[in-house]
Amino acid sequence: MKTSIATVSISGEFPEKLAAIAAAGFDGVEIFENDFLAFDGSPTDVGKMVRDHGLEITLFQPFRDFEGMPEPLRSRTFDRAERKFDIMQQLGTDLVLVCSNVSPAALGGIDRAAADFHELGERAARRGLKVGYEALAWGCHVNDHRDAWEIVRRADHPNIGIILDSFHTLSRKIEINSIRSIPKDKIFIVQMADAPLIDMDLLYWSRHFRNMPGEGDLPVADFTAAVAATGYDGYLSLEIFNDQFRGGSPKAIAADGHRSLIYLGDEVRRRPDAATLTVADMPRRATVEGVGFVEFSADDTDADKLVELLHTLGFRHTAIHRSKKVSIFEQGKIRLLVNTEGQGFANASFAVHGTSAYAIALLVDDARKAFSRALALGAEPFVQPVGEGEVEIPAIRGVGGGLVYLIDDHSDLGRFAEIDFSPVTDDADIEPTHLRHVDHVAQTVAYDEMLTWLLFYNSIFETHKTPMVDIIDPAGIVRSQVVENTSGVLRITLNGAENRRTLAGHFIAEKFGSSVQHIAFHTDDIFATATALRTNGFQPLIISSNYYGDLEARFGLDPNLTERLRENNILYDRDDHGEYFQLYSSTFGEGFFFEIVQRSGYRGYGAANAIFRIAALKKALRPEGVPRL
Ligand code: MG
Ligand code: MG
């Protein structure tokens, strides 16, 4: 399998697109005619530029409204074809895409179309060129790859083949297994796109909402497995029309695209009937067994305040690093690190983001394998010097420029706390608050980066997404997308902020893209926790009293329960699977905050409560008389 992408998939000027595509690691590129018509250079110049980047031109497209035309249109389409062939020869590519005819003038009939293609094949052969036929999902007479294949079969010409496009096949829910019987040498190229499931006009859906394989909801892996079952091992070429991508960073979109294809290839080659697909070997997706630790960067002043807050939350200082200014705080299975080093990455992160949770360690089945998979998928490794005899924990760059450390229980990595740290005794007068483990980590990103991070997590780790939810902030909507694993030990909520007046948007703007906005700890008994927190002097986020009146009516709660919730500033939600209790801290400075949840079977994250929580957080951030956030 080789990787390619259509120039139309990303933004920028033509040279900028090519540079981004080459940098992302693609083998080839599809040239869209409009792209180079807009570029001030001859087809020969374009061809040279592409090859100078080490790329191959995989396809020239599109050639529209060809087959089934009555005379005199028919003769004219052949003249047009000859002109396209001229351009192709100057570009230095041998394959052109003909998409099924959408002209009202087109006549139907498989034999008629096959005869046109036979003649086109003759003309292409004279020039050493090939023609691929693609069924557009909205084609006039041909909108199904099975019909396109029948036309290609009857055209019976070595220079005529079929082009498969996952979007056109999957958007119409065409039986995928029909691909398996197509001879592999008649599949000239395979175009890939995914899309979110939206019920809308096919043409509009295709032109605006396609996304990278794995980012949407279509069964692209099943489609690719059917293609691979033919023995096809050629180019998988991304052809993505997406408004957001066209406005995004060419480098980032190209990198996502390459990652999506490598991930797809790896998923598919693991299927028994698709093992012929040539894909670089890499370990399978890492199983996450928990959140190993969360690390904060702070200066000494902020660290004192943070430690005070951690104490009220019932965490005890348990260890101190042997050579660095890093402390460990623990409760239950939760481990929080506070780093006040005056140099290195944590300090640089503090300089940019202020006190923040800049690193998360994921406990995985095999950290070194997970690291090698991440690198194979284009993740950026992070390395910093470690002291003599200290553990070097593999790390990659994650959301907001933060770090994702990878640790496991089966190697020295799991014992980093014993190896690198010395135990200390914390004699602060604090009650344990029954916090057991990290329930979820909420990361805030700019809205247009959400798909990037979704793909990041799902390609490296054995996780999946759940449907996107709208979080109502009084100042706008925040989209929330959850990445979680089946066991539920890893839950990350990705919140996409579109405007900076929302709390999430404000967080990004103030913290310059810092990643972790809140960390939620799990308790088995929220009321026992609330009592212990009070003893420790913890200041909960004060929830509006009106919330509780509405809550009681909405869920038909026992008034005694409502009263206890109100007294303790606990939010409540329920779904078909169970109950959810939530209790929050205020924000630390203008940044992150903590949440405590009790989850009994409940599968969500309290989206219905978010508006109350956000209003309360904003109120706490804004002293009286200061303008609204
Ligand atoms: Mg296509
Ligand atoms: Mg939460």
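Nothing fancy with the numbering, it's 1 onward along the sequence.
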How would you list, by chain and number, every residue that makes a side chain to side chain donor-acceptor pair (under 3.5 Å) with [X], sequence neighbours excluded?
X	result
His258	none
Asp473	Lys618
Tyr447	none
Arg373	Asp266

State, without any angle test, whether [X] and [Y] hold a side-chain donor-acceptor pair at a distance under 3.5 Å.
X	Y	value
Thr463	Asn485	no
His145	Thr169	yes
His141	Ser100	no
Glu484	Tyr457	no

Less than 4.0 Å between a side-chain N and a carboxylate O, is that true for [Y] and [X]?
X	Y	answer
Lys84	Glu33	yes
Asp65	Arg80	no
Asp222	Arg271	yes
Arg112	Asp116	yes
Asp281	Arg269	yes
Arg154	Glu150	yes

Quick note, side-chain hydrogen bond (donor to acceptor under 3.5 Å, both in side chains) partners involving residues 235-249, not counting sequence neighbours, are Ser4-Ser237, Glu30-Ser237, Glu56-Tyr235, Gln61-Glu239, His208-Asp243, Arg210-Glu239
Taking the six-membered ring for Trp, are Phe39 and Phe14 parallel (under 30°), tilted (30 to 60°) or perpendicular (over 60°)?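 Ring orientation, 0 to 90° scale: tilted.
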**Prompt:** How are the rings of Phe209 and Tyr204 set to each other: parallel, tilted or perpendicular (split at 30° and 60°)?
**Reply:** tilted
Legend entry - Whether Asp45 side chain and Ser42 backbone form a donor-acceptor pair below 3.5 Å: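 Indeed, once roles are kept as given, a pair shorter than 3.5 Å links the two residues.
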Checklist entry - Within 45° of the six-membered ring axis of Phe188 and under 6.0 Å from that ring's centre, is NZ or CZ of Lys130 located there? => result yes
Worksheet item: Who are the ring pair (Phe, Tyr, Trp, His ring centres under 6.0 Å) partners of Tyr133, not counting sequence neighbours?
Response: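 Partners of Tyr133 under the ring pair (Phe, Tyr, Trp, His ring centres under 6.0 Å) test: Phe117.
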*Atom CZ of Arg153 and atom NZ of Lys186: how far apart are they, to the nearest 0.5 Å?*
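Going from the CZ atom of Arg153 to the NZ atom of Lys186 covers 11.0 Å.
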